[in-house]
Amino acid sequence: MKNIFDAPFLKEMCAVTANMYRLGWDERNGGNISYMLDENEVGEYLDLADVIREIPTGFEAKELIGKIFIVTGTGKYFKNIENDPENNLGIIRIARDGVTAELLWGWADGGQFTSELPAHLMSHTSRLSVNPENRVIMHCHPDYTLAMTQVHEMDERKLTRTLWKQMTESIVVFPDGVGVLPWMVCGTNEIGEATAEKMKRYRLVVWTLHGIYGAGKDLDETFGLIETVEKAAIQYMLTANLPKVNIITDENLAALAKRFELDYRKDFLNL
Ligand code: 13P
Ligand code: ZN
């Protein structure tokens with residue numbers, strides 16, 4: 001059996017969470033990640049028949065039975081993951097009943113998965129239904145995206161248009177736009193269901209006055225989506241109260257879509 005601390009997926013989780021912490025996206029225990037792993041790969045590092053603990057999830061995830069995820073723990077600080085992954089992360093498998101998580105590794109101090117597990121697992125199910133390659137759901141609290149939810153109308157079309165117009169690369173990176181949820185109580189099945197519903201159409205969902213969710217085929221792609229929204233939000237917050245001299249027009253956006261052959265939300269442009 002290989003040493004789990006050498007596993008690429010564990011190293012990637014350590015690197016990405018450290019990066020997110022340093023960017024200020026994950027204060028204290030803010031943010032959470034779930035990353036679906038390949039069973040054969042995990043089997044090189046862990047005895048898959050050895051279940052350490054069984055933890056009820058509080059909801060049914062039928063489509064994910066048997067799937068294995070590495071997940072951040074509830075109350076755990078992203079700041080600490082790199083130096084202490086075994087207490088701050090866990091590897092779980094969704095049991096045959098669909099409502100239990102089998103702990104295969106981690107949370108050595110008795111901890112458990114993020115309180116946002118419903119939003120994560122329900123979003124995995126949604127994303128997999130539209131893209132079988134999806135592996136990652138990532139949630140965090142980036143400053144400018146969050147600030148924007150205080151001052152910008154939280155309408156999907158309007159918010160997407162504003163983000164697209166902040167910088168040329170926005171529409172290229174997220175041509176599918178940004179979904180929006182109103183303020184809701186976090187850590188519940190209700191916000192999980194609402195997020196997952198949006199995830200059928202969007203890879204990015206902004207939670208008003210809370211943060212953002214991203215989905216992608218790997219950690220890099222998902223991180224990059226959130227990073228690009230945050231960059232656009234920085235541009236917006238830096239310039240929102242200044243007179244605009246130069247702007248990206250709807251015609252400019254359509255020209256980008258043509259050049260990069262984007263499958264984009266045409267109904268979000270006024271053409
Ligand atoms: P957890 O510590 O349970 O992951 O919660 C953090 C968070 O960001 C809630 O939305
Ligand atoms: Zn949060």
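As the structure lists them, so they are numbered: ligands from 1, and atoms in each ligand from 1.
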*Name whichever N, O or S atom of His210 ends up nearest to the Zn ion (ligand 2).*
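Relative to the Zn ion (ligand 2), the closest nitrogen, oxygen or sulfur of His210 carries the name NE2.
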Can you list the ligand 1 atoms lying under 4.0 Å from a non-hydrogen atom of [X]?
X: Gly30; result: 8 (O)
X: Thr74; result: 1 (P), 2 (O), 3 (O)
X: Asn29; result: 1 (P), 2 (O), 5 (O), 6 (C)
X: His141; result: 8 (O)
X: His139; result: 8 (O), 10 (O)

_side-chain contact (heavy atoms from CB on, under 4.5 Å), paired with Leu48, selected from Ile91, Asn40, Val42_ =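 That would be Val42.
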*Can you spot which of Ile52, Val71, Thr74 makes a side-chain contact (heavy atoms from CB on, under 4.5 Å) with Trp107?*
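Answer after filtering Ile52, Val71, Thr74: Val71.
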For [atom], what's the nearest protein heavy-atom neighbour? Residue, atom name and distance, please.
atom: atom 9 (C) of ligand 1; answer: Glu116 OE2, 3.1 Å
atom: atom 7 (C) of ligand 1; answer: Asn32 ND2, 3.4 Å
atom: atom 4 (O) of ligand 1; answer: Thr114 OG1, 2.7 Å

_Please find the pair of heavy atoms, one from Trp207 and one from Ala119, that lie closest to each other, and give the distance._
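Heavy-atom minimum between the residues: CZ2-CB, 4.2 Å.
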*Can you spot which of Trp25, Phe223, Tyr213 makes a ring-ring contact (aromatic ring centres under 6.0 Å, His included) with His139?*
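For His139, the ring-ring contact (aromatic ring centres under 6.0 Å, His included) test succeeds with only one of Trp25, Phe223, Tyr213, which is Tyr213.
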*Hey, does Asn88 have a side-chain heavy atom less than 4.5 Å from the side chain of Tyr77?*
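Heavy-atom side-chain distance check fails, nothing below 4.5 Å.
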_Backbone or side-chain N or O of Trp207 under 3.5 Å from ligand 1 N or O_ =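 It does not: no N or O of Trp207 is found under 3.5 Å from an N or O of ligand 1.
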*For Cys186, is at least one N or O under 3.5 Å away from an N or O on ligand 1?*
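Looking only at distances, the answer is no, because the N/O contact criterion of under 3.5 Å is not met.
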*Establish whether Leu269 and Leu262 are linked, either directly or via other cluster members, by ILVMFWY side-chain heavy-atom contacts under 4.5 Å.*
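Result: yes, single cluster for both.
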*Run the contact test for Gly31 against ligand 1 with a 4.0 Å cut-off on heavy atoms, strictly below, and give the result.*
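Right, Gly31 reaches ligand 1.
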*Take Glu156 and Tyr202 through the test side-chain hydrogen bond (donor to acceptor under 3.5 Å, both in side chains) and record every step on the way to the result.*
CA-CA 10 Å; Glu156 286 165 354; Tyr202 297 100; 3.0 Å; yes
